[in-house]
There are 2 protein chains.
Amino acid sequence: MRLLVAECTVTYRGRLSAHLPRATRLIMFKSDGSVLIHSDGGSYKPLNWMSPPCVVRENTETAEFVVTNKSGETLSIEVHQVHSDNSHELGVDPGLIKDGVEAHLQILLAENLSPLGQGYTLVRREYPTAIGPVDILCKSAQGETVAVEIKRRGEIDGVEQLTRYLELLNRDPLIAPVRGVFAAQEIKPQARTLALDRGISCITLDYEALKGTDDSSLRLF
Amino acid sequence: MRLLVAECTVTYRGRLSAHLPRATRLIMFKSDGSVLIHSDGGSYKPLNWMSPPCVVRENTETAEFVVTNKSGETLSIEVHQVHSDNSHELGVDPGLIKDGVEAHLQILLAENLSPLGQGYTLVRREYPTAIGPVDILCKSAQGETVAVEIKRRGEIDGVEQLTRYLELLNRDPLIAPVRGVFAAQEIKPQARTLALDRGISCITLDYEALKGTDDSSLRLF
DNA sequence: CCGTAAATGTCGTCG
DNA sequence: CGACGACGTTTACGG
């Protein structure tokens, strides 16, 4: 990894055009060819960048870098003044371990359907359909089939997604009628309104409470 | 901006939990308090990070950094061995200039509706409804009202969005019936199929051609 | 390689 | 400050 702190001017041409006027920035060259240009603020997103796979060509005469990828996108970096230029050998990273994403909510809810109500039984998780898998398919105490869509944050998109599944499932006379449940840690008002308008019920999930009922906790770290 | 290249172990606890085993990485401390941890590969997204506003507390005894934000999320960085540690004064960045995003497509199409067909007239751009603004509302040569949804890349979500607008607009007897047009630089096959199934027509837009018809080109850089 | 869905999404805008 | 949609979304996963 090469870290170049320099006054520079940058232009990207590709899916759109973007230009950075002359200023001092950090230019990060990663060993896979990717390049990131960071200012001293903002969030993790660089001002400008090129994702791998790509090739860096350095012109030492003109102090210009041109980074290109296969689709013909280019990132041109004109270096006016170098403040610092250091390279480091970092090696391959062992990578990130995560816990608490949607997949975990799905596993925990499938193991314990009680947030849905009494007497629910699991048909299967990731129930396959022609337009993608339904997160959880189960049956209520009364024997109704119930499709559950799980989100960390419940927004309109998720309701639309569940609606498409329900439409398809209800065309199958073997399992119709199917009722929909929208389950999320947090449900936005507009999503709740749309769901209820379509006869889909909403429940909010408590990840910590779900994890408390799980006998296989403390697995990751 | 402080650039620390070091062997480290990192743990994030917040919306989820995430852990990075011991390895050599770049730790970037920005002047607004934000912290980014990068490996020597992958794309622009750091392995782990904390977004501003947040506070960094350094414990020089234990060689540990703890970064906290208002919501109580924490990022703990345990430093085992320092390879390099440099700070730089970068100043405020003048920021990025962009050209070619959806807003430009919308402006250009509103100025010249000919891609829709002959004799179309603009009612207004960003036509307000209760569930959000319709990109372009116009009338055909035959006097039909037409709602246009513009995307750079046309996918299913965009068709769903236009469908919701059409449903709402068609409830208003003053402007009903309203026909839908899905316009994008590129339309995914599944989105096209869904649109046509719902009686929505699809057109692909050529940004360069649209810009060619625009008298106010070459404004940005 | 395409297509879909998730994301500690982030970022802008508008109320 | 929340809601909502765009993003050079990126990233992971499945066919």
Side-chain angles (χ1 to χ4, degrees), chain A residues 11-18 34 42-52 54 69 71-75 95-96 98-106 126 128-135 149-158 160-162 164-165 184-186 188-191 193, chain B residues 11-19 34-37 42-52 54 67 69-75 95-96 98-106 126 128 131-135 149-153 155-158 160-161 164 184-185 188-191 193:
Chain A
T11 303
Y12 162 78
R13 284 185 187 283
R15 280 163 279 185
L16 54 65
S17 300
S34 58
S43 189
Y44 69 64
K45 196 176 175 181
L47 292 165
N48 231 328
W49 72 93
M50 185 66 78
S51 303
C54 61
N69 71 6
S71 349
E73 300 176 295
T74 59
L75 184 72
L96 190 67
K98 285 187 186 186
D99 174 40
V101 292
E102 184 195 304
H104 298 126
L105 284 174
Q106 192 192 107
E126 297 283 339
T129 76
I131 55 170
V134 176
D135 286 342
E149 175 66 34
I150 298 172
K151 292 283 179 219
R152 218 172 48 69
R153 289 170 54 204
E155 296 178 33
I156 281 180
D157 277 9
E160 297 287 13
Q161 196 180 334
L162 177 55
R164 289 196 297 273
Y165 291 141
Q185 285 183 281
E186 179 202 346
K188 292 291 171 73
Q190 301 224 355
T193 304
Chain B
T11 302
Y12 163 78
R13 287 185 185 282
R15 280 161 282 186
L16 53 65
S17 300
H19 182 75
S34 58
V35 179
L36 286 66
I37 294 154
S43 191
Y44 68 63
K45 196 176 173 179
L47 293 165
N48 229 329
W49 71 93
M50 184 66 77
S51 301
C54 60
V67 193
N69 71 6
K70 230 178 210 169
S71 348
E73 301 177 295
T74 60
L75 184 72
L96 191 65
K98 286 188 183 184
D99 175 37
V101 291
E102 184 195 302
H104 298 128
L105 284 174
Q106 193 193 105
E126 298 282 342
I131 55 170
V134 176
D135 286 343
E149 176 66 35
I150 299 171
K151 293 282 179 220
R152 217 175 51 70
R153 290 169 54 203
E155 298 180 30
I156 281 181
D157 277 7
E160 297 285 15
Q161 197 180 336
R164 290 196 297 273
Q185 282 184 284
K188 292 289 171 73
Q190 303 225 358
T193 304

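Chain identifiers are assigned alphabetically (A, B, ...) following the order of the sequence lines, protein sequences preceding nucleic acid strands; residue numbering begins at 1 within each chain.
Residues Glu73(A) and Lys45(B) each lie close to DNA chain D; by heavy-atom proximity, the contact nearer the 5' end of the strand is made by Glu73(A). In terms of position along DNA chain C, the nucleotide closest to Arg164(A) lies nearer the 5' end than the nucleotide closest to the other residue of the pair Arg164(A) and Met50(B). Position along DNA chain D of the nearest nucleotide to Asn69(A) versus Gly42(B) favours Asn69(A) as the more 5'-ward residue.
Residue contacts for Asp157(B): at a heavy-atom cut-off of 4.0 Å it reaches no nucleic acid atom on any strand shown. Note on Glu126(A): nothing from the nucleic acid sits closer than 4.0 angstrom, heavy atoms only. Nucleic acid contact class of Ile156(B) (heavy atoms, under 4.0 Å, all strands): sugar-phosphate only. Gln106(B) comes within contact range of no nucleotide atom at all, as no heavy-atom separation falls under 4.0 Å. Within the 4.0 angstrom heavy-atom criterion, no nucleotide atom of any strand lies near Pro133(A).
Straight-line distance from the NE2 atom of His19(B) to the P atom of dT8(C): 17 Å, rounded to whole Å. The CD atom of Gln161(A) sits 11 Å away from the P atom of dA7(C) (whole-angstrom rounding). Whole-Å rounding puts the Asn48(A) CG to dC7(D) P distance at 16 Å. In this structure, Lys151(B) places its NZ atom 8 Å from P of dC7(D), rounding to the nearest Å. As a whole-Å value, the separation of Trp49(A) CH2 from dC11(C) P is 10 Å. Between the CG atom of Leu75(B) and the C1' atom of dT8(C) there is a distance of 10 Å, given to the nearest Å. Look at CG on Leu16(B): it is 8 Å from P on dA7(C), rounded to the nearest Å. Distance Leu96(A) CG to dT8(C) C1': 10 Å, rounded to the nearest Å.
The aromatic ring of Tyr44(A) does not sit over the base of dT10(C); the criterion of centres under 5.5 Å apart with planes under 30° is not met.
Although no hydrogens or angles enter the test, the distance criterion places no donor-acceptor pair under 3.5 Å between the side chain of Asp157(B) and the main chain of Glu160(B).
Each of dA6(C), dC11(C), dG8(D) was ranked by its minimum atom distance to the side chain of Ser43(A); first place goes to dC11(C). Comparing dA7(C), dG8(D), dA3(D) by their nearest atom to the side chain of Lys188(A) picks out dA3(D).
Residue Lys98(B) places at least one side-chain N or O under 4.0 Å from the OP1 or OP2 atom of dG8(D). Distances shown here put a side-chain N or O of Ser51(B) below 4.0 Å from the OP1 or OP2 atom of dT10(C). In this model, the phosphate group of dT10(D) is approached by a side-chain N or O of Arg15(A) to a distance below 4.0 Å at OP1 or OP2.
Straight-line distance between the C1' atoms of dA7(C) and dC7(D): roughly 13 Å, to the nearest whole Å.
Inspection of the Gln161(A) and Lys151(A) side chains reveals an N or O donor paired with an N or O acceptor under 3.5 Å. Checked by atom type, the side-chain pair Glu126(B)/Gln106(B) shows a donor-acceptor distance below 3.5 Å. With 3.5 Å as the limit, one finds no donor-acceptor pair spanning the side chains of Ser51(B) and Ser34(B).
Below 30°, between 30° and 60°, or above 60°: for Tyr44(A) and Trp49(B) the angle between ring planes is above 60°, a perpendicular geometry.
Using a 4.0 Å cut-off between a side-chain N of Lys or Arg and a carboxylate O of Asp or Glu, Glu73(B) and Arg15(B) qualify as a salt bridge.
Pairing of dC14(C), defined by two Watson-Crick or G-U wobble distances under 3.5 Å, is identified with dG2(D).
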